[in-house]
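Written out below as structure tokens is the structure these notes cover.
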2 protein chains.
Amino acid sequence: MTRTPTIADVARLAGVGKGTASRAISGNGAVSPETLARVREAVAALNFRPSNAARALSTKRTGMVGIYVHDFAGDFFGPILQAVDGELRGANRHMVAANGCGLGVGAGPDDGDARQRALDGIRFLIERECDGVLVVSNALSSEDLDMLWSEKAPLVVLNQTSPSKPEHCFSTDHELAGRLAAHALLQQGHRELACISGLHTAPDNALRMAGFHAELAQHGVIIPPSHQREGQFSFDGGHAAAQALLAQGLDFSALFCANDTMAMAAIACLGKAGVKVPDQLSVLGFDDSVLARYTTPALSTVRVPSVDMAANGCRFLLNLCYGLTLPVQREFPPEVVWRDSVRPGPHANESTPAVQVKMARKRSPTFKA
Amino acid sequence: MTRTPTIADVARLAGVGKGTASRAISGNGAVSPETLARVREAVAALNFRPSNAARALSTKRTGMVGIYVHDFAGDFFGPILQAVDGELRGANRHMVAANGCGLGVGAGPDDGDARQRALDGIRFLIERECDGVLVVSNALSSEDLDMLWSEKAPLVVLNQTSPSKPEHCFSTDHELAGRLAAHALLQQGHRELACISGLHTAPDNALRMAGFHAELAQHGVIIPPSHQREGQFSFDGGHAAAQALLAQGLDFSALFCANDTMAMAAIACLGKAGVKVPDQLSVLGFDDSVLARYTTPALSTVRVPSVDMAANGCRFLLNLCYGLTLPVQREFPPEVVWRDSVRPGPHANESTPAVQVKMARKRSPTFKA
DNA sequence: CTGAAAGCGCTTACAG
DNA sequence: CTGAAAGCGCTTACAG
């Protein structure tokens, strides 16, 4: 017969009941050693693979967990997907991914609003019967998350926190990270600054920039509105923002970009305009993505451990969905990494202002695993 | 009741049989307009969503198609995943992705061999009951593909061709693309060259480099072995290769890199070493990935329409698996795109050699859609 | 056009 | 420890 074998075939060949075969194969329920061996033999002989659909129907678990990201391209998401897929396969589950961009042939990345696309993408995953879903989006409010948390699939959010379910959120301290960025620039003697922020609607961006400006203000430096631009976290946006900044004249010695993608584009723009980085202008990135080591010059940046964050969030979800007890960790401290794009600035010889960055560090509360 | 509604609930509420409700909901089979309306109402009232698991069990289709890529990160794969996901969602199917890197927590990208990981990843997708699978790998031989094609799920391969099932392969003409690269450099007056190839085991790399060298040879230029390095298509590899090249002295005027990732890393390496691109050295990339516009200087490169390729391959698979008739196209001509990293070389004033690149262009045979 | 019934391939109480 | 039976929620011949 050419038909794919079912568990009934296995049972028959092994000379046992279907129930026993099932228990032997799935490992749920006791079977005698001899029976187990016979069933195993039959499985091997027939090259039997249990049907996931049938299993899903009777157990009400599909073994798949979904992940929603805004976008599959980009240096930020790739490594996260990689990490999640790794964890899942390690746990013998699998990943189904959705993103907020592709919704049919004609849809470009920008039609419809990002929030609705995120909601749709996540619901798609839930309707497809994922046992749990991971979301990394910056278009969702706390209320949106609350709504999502009331649906049937367990959901953990990455790169964002929410007061209502802090234990389901895995994020770095973006505010602290922003302070670290400010501190880095100040410490190098820069006080005339410009910055390119990400999407103004994104919570991580808001926290990051708030921390950045707060730390600056604490040391008496403020950035005039004309020197604050928004670059939507994209290459194009970063490039345009840098261009606009440049058009006003180069009366600042350092530029902070809210992610490495924009920093790379800014450097490209600067290069084209003939301004040397870091000789004439220092630029500091954010994320420490794969790009950062290989821009020209190599990017100094503040690193956030996004891969760890994703891996741990995923393990937490796995524990939640399948009753596992994988180790999960909740601290993902940002840190600045120095490469070649930031040089000492005009105020480098003044006494470095004392910084209280460390104060801002707070231990996160302990949760039941 | 808080139980999720089943089709039986819908049927009861609509006052019809389960079979009728099923026909009305799925659209398979005729139903009278009135019945249809009543069923629709019931569906809406109960917020009914059919169970995919149950459907899969009876129809033997899961509605998911798998895609295997070596790696989720990287500027090449991201846009491909994006395109495939878009096509699939447009067709109301969904994507499950696997990659060759993550196989459990401890596994790094380099343990085990790439071929085995590709085979495992693809089988994983098949066992998970994907209705079809898309593969983009450069670690598989024609024999491997033949073996895979004998398994149950229809499989289409991207970025590679195979003689046994050409209609199931969607690729650009890598050999021609390599010729184009050579032509571009020659035409700009470069005759002393160096190159960084990708993985030597990868078919696309082999074709590309063969075309490159063949075209060069046709015009009397050959690259000494010392000036040919291998960079595994990665940032790190490209950087190391550039470093090795530089260590030998700068006796060449242009460098060809077999992908943009390596080109970006090479530029970074060059920059660190104080050699100016393109003033002292021209560099030509390959792919025209998202990075190419934003390196410093912006990268001249040969573009391969990988997104089109992925989208069309996916549509072909969709047609195959679900009997659809989506339009599919099979020509993905490479072309060189000029930006700022290549400048006229020392032989720019000599008569440009006549190039026969166009000859190499061949129409692909026509297949039944 | 419609309903009743069988079946898809597993798992899981329930008896023994 | 094991078998027989019912059930998971759909779809699809089969009659009518």
Side-chain angles (χ1 to χ4, degrees), chain A residues 1-40 42-43 46-64 92 126-129 131 152 322-323, chain B residues 1-40 42-43 46-64 92 126-129 131 152 322-323:
Chain A
M1 66 180 167
T2 176
R3 175 174 66 77
T4 45
T6 71
I7 203 171
D9 300 315
V10 174
R12 195 174 314 123
L13 184 60
V16 300
K18 262 181 11 171
T20 304
S22 171
R23 284 181 286 260
I25 291 164
S26 68
N28 298 133
V31 209
S32 75
E34 309 84 69
T35 310
L36 183 57
R38 285 220 310 289
V39 172
R40 287 223 170 112
V43 165
L46 297 172
N47 191 228
F48 168 79
R49 302 278 163 227
S51 152
N52 288 296
R55 265 194 180 163
L57 189 56
S58 50
T59 61
K60 305 190 166 297
R61 317 247 77 167
T62 55
M64 33 191 228
N92 200 23
I126 297 175
E127 270 176 24
R128 274 298 178 165
E129 293 155 3
D131 294 332
K152 61 187 164 197
Y322 306 111
Chain B
M1 66 182 165
T2 178
R3 176 174 65 76
T4 45
T6 72
I7 204 172
D9 299 314
V10 173
R12 197 175 312 124
L13 184 59
V16 300
K18 261 182 12 173
T20 304
S22 172
R23 284 180 286 261
I25 291 165
S26 66
N28 299 133
V31 209
S32 74
E34 309 82 72
T35 310
L36 183 57
R38 285 222 308 290
V39 173
R40 288 224 170 112
V43 166
L46 297 172
N47 191 228
F48 168 78
R49 303 276 164 229
S51 152
N52 287 297
R55 267 193 179 164
L57 188 57
S58 49
T59 61
K60 302 187 168 301
R61 315 246 77 164
T62 55
M64 33 192 230
N92 201 21
I126 297 175
E127 271 177 23
R128 274 300 180 166
E129 292 155 2
D131 295 331
K152 61 186 164 195
Y322 306 111

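Heavy atoms only: backbone and side chains are in, while hydrogens, waters and symmetry mates are out. Note that this is a predicted model, so its numbers are computed, not measured. First the proteins, then the strands, lettered A, B, ... as listed; each starts at 1.
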Check: Tell me: CZ of B:Arg23 to P of D:dC10, nearest whole Å?
Finding: 15 Å

Next item on the list: Grab the CD-P distance between B:Glu129 and C:dC8 for me, whole Å please.
Entry: 15 Å

Check: Could you state the CZ-C1' distance from B:Arg49 to D:dC10, rounded to the nearest angstrom?
Finding: 16 Å

Check: Separation of B:Arg3 atom CZ from D:dC8 atom P, in whole Å?
Finding: 9 Å

Next item on the list: Using the P atoms only, state how far D:dG9 lies from D:dA13, rounded to an integer number of Å.
Entry: 23 Å

Item checked: Spacing of CE belonging to B:Met64 relative to CD belonging to B:Glu129, to within rounding of 0.5 Å -> 7.0 Å

Check: Just how far is it from atom CZ of A:Phe48 to atom CG of A:Leu13, taken to the nearest 0.5 Å?
Finding: 12.0 Å

Next item on the list: Kindly say if A:Ser58 contacts the phosphate of C:dT12, meaning a side-chain N or O under 4.0 Å from OP1 or OP2.
Entry: no

Next item on the list: Output, in order, the C-alpha distance, side-chain angles, deciding distance and verdict of side chain to side chain contact (heavy atoms under 4.5 Å, CB included) for A:Asn52 and A:Arg49.
Entry: CA-CA 9 Å; A:Asn52 288 296; A:Arg49 302 278 163 227; over 6 Å; no

Next item on the list: With pairs defined as Watson-Crick or G-U wobble and both distances under 3.5 angstrom, please note down DNA chain C as a dot-bracket string, | for pairing with another strand.
Entry: |||.||||||||.|||

Next item on the list: Can you measure from CZ (B:Arg55) to CZ (B:Arg61) and round to the nearest 0.5 angstrom?
Entry: 13.5 Å

Next item on the list: Could you pick out which residue, A:Gly19 or B:Ile7, lies toward the 5' side of DNA chain D when each is mapped onto its nearest nucleotide?
Entry: A:Gly19

Next item on the list: Mind checking the CG-CD1 spacing from B:Leu46 to B:Ile7? Nearest 0.5 Å is all I need.
Entry: 11.5 Å

Item checked: Whole-Å distance separating the NZ atom of B:Lys18 from the C1' atom of D:dC14 -> 16 Å

Note to self: Tell me the interatomic distance from B:Glu127, atom CD, to C:dG9, atom P, rounded to whole angstroms.
What the structure shows: 17 Å

Notebook entry, point to check: Starting at the 5' end of DNA chain C and moving along, which residue's nearest nucleotide shows up first, B:Thr20 or B:Lys60?
Noted result: B:Thr20

Notebook entry, point to check: Has B:Thr35 got a side-chain N or O lying under 4.0 Å from the OP1 or OP2 atom of C:dT2?
Noted result: yes

Next item on the list: Give a yes/no answer on whether the side chain of B:Ser22 brings an N or O atom under 4.0 Å of OP1 or OP2 in D:dT11.
Entry: yes

Margin query: Can you give me the closest heavy-atom contact between B:Arg128 and A:Gly63, atom names plus distance?
Written below: NH2-O, 3.9 Å

Checklist line | Shortest side-chain distance from B:Ser51, nucleotide among C:dC10, D:dC8, D:dC10 | finding: D:dC10

Notebook entry, point to check: Separation of B:Arg12 atom CZ from D:dG9 atom C1', in whole Å?
Noted result: 13 Å

Next item on the list: Identify which one of A:Leu36, A:Val39, A:Val16, A:Val31 satisfies the side chain to side chain contact (heavy atoms under 4.5 Å, CB included) criterion when paired with A:Arg23.
Entry: A:Val31

Next item on the list: Could you tell me the separation between the CD1 atom of B:Ile25 and the C1' atom of C:dT2, rounded to a whole number of Å?
Entry: 15 Å

Check: Taking the side chain of A:Leu57 as its heavy atoms from C-beta onward, which of C:dT12, D:dT11, C:dG9 lies nearest to it?
Finding: C:dG9

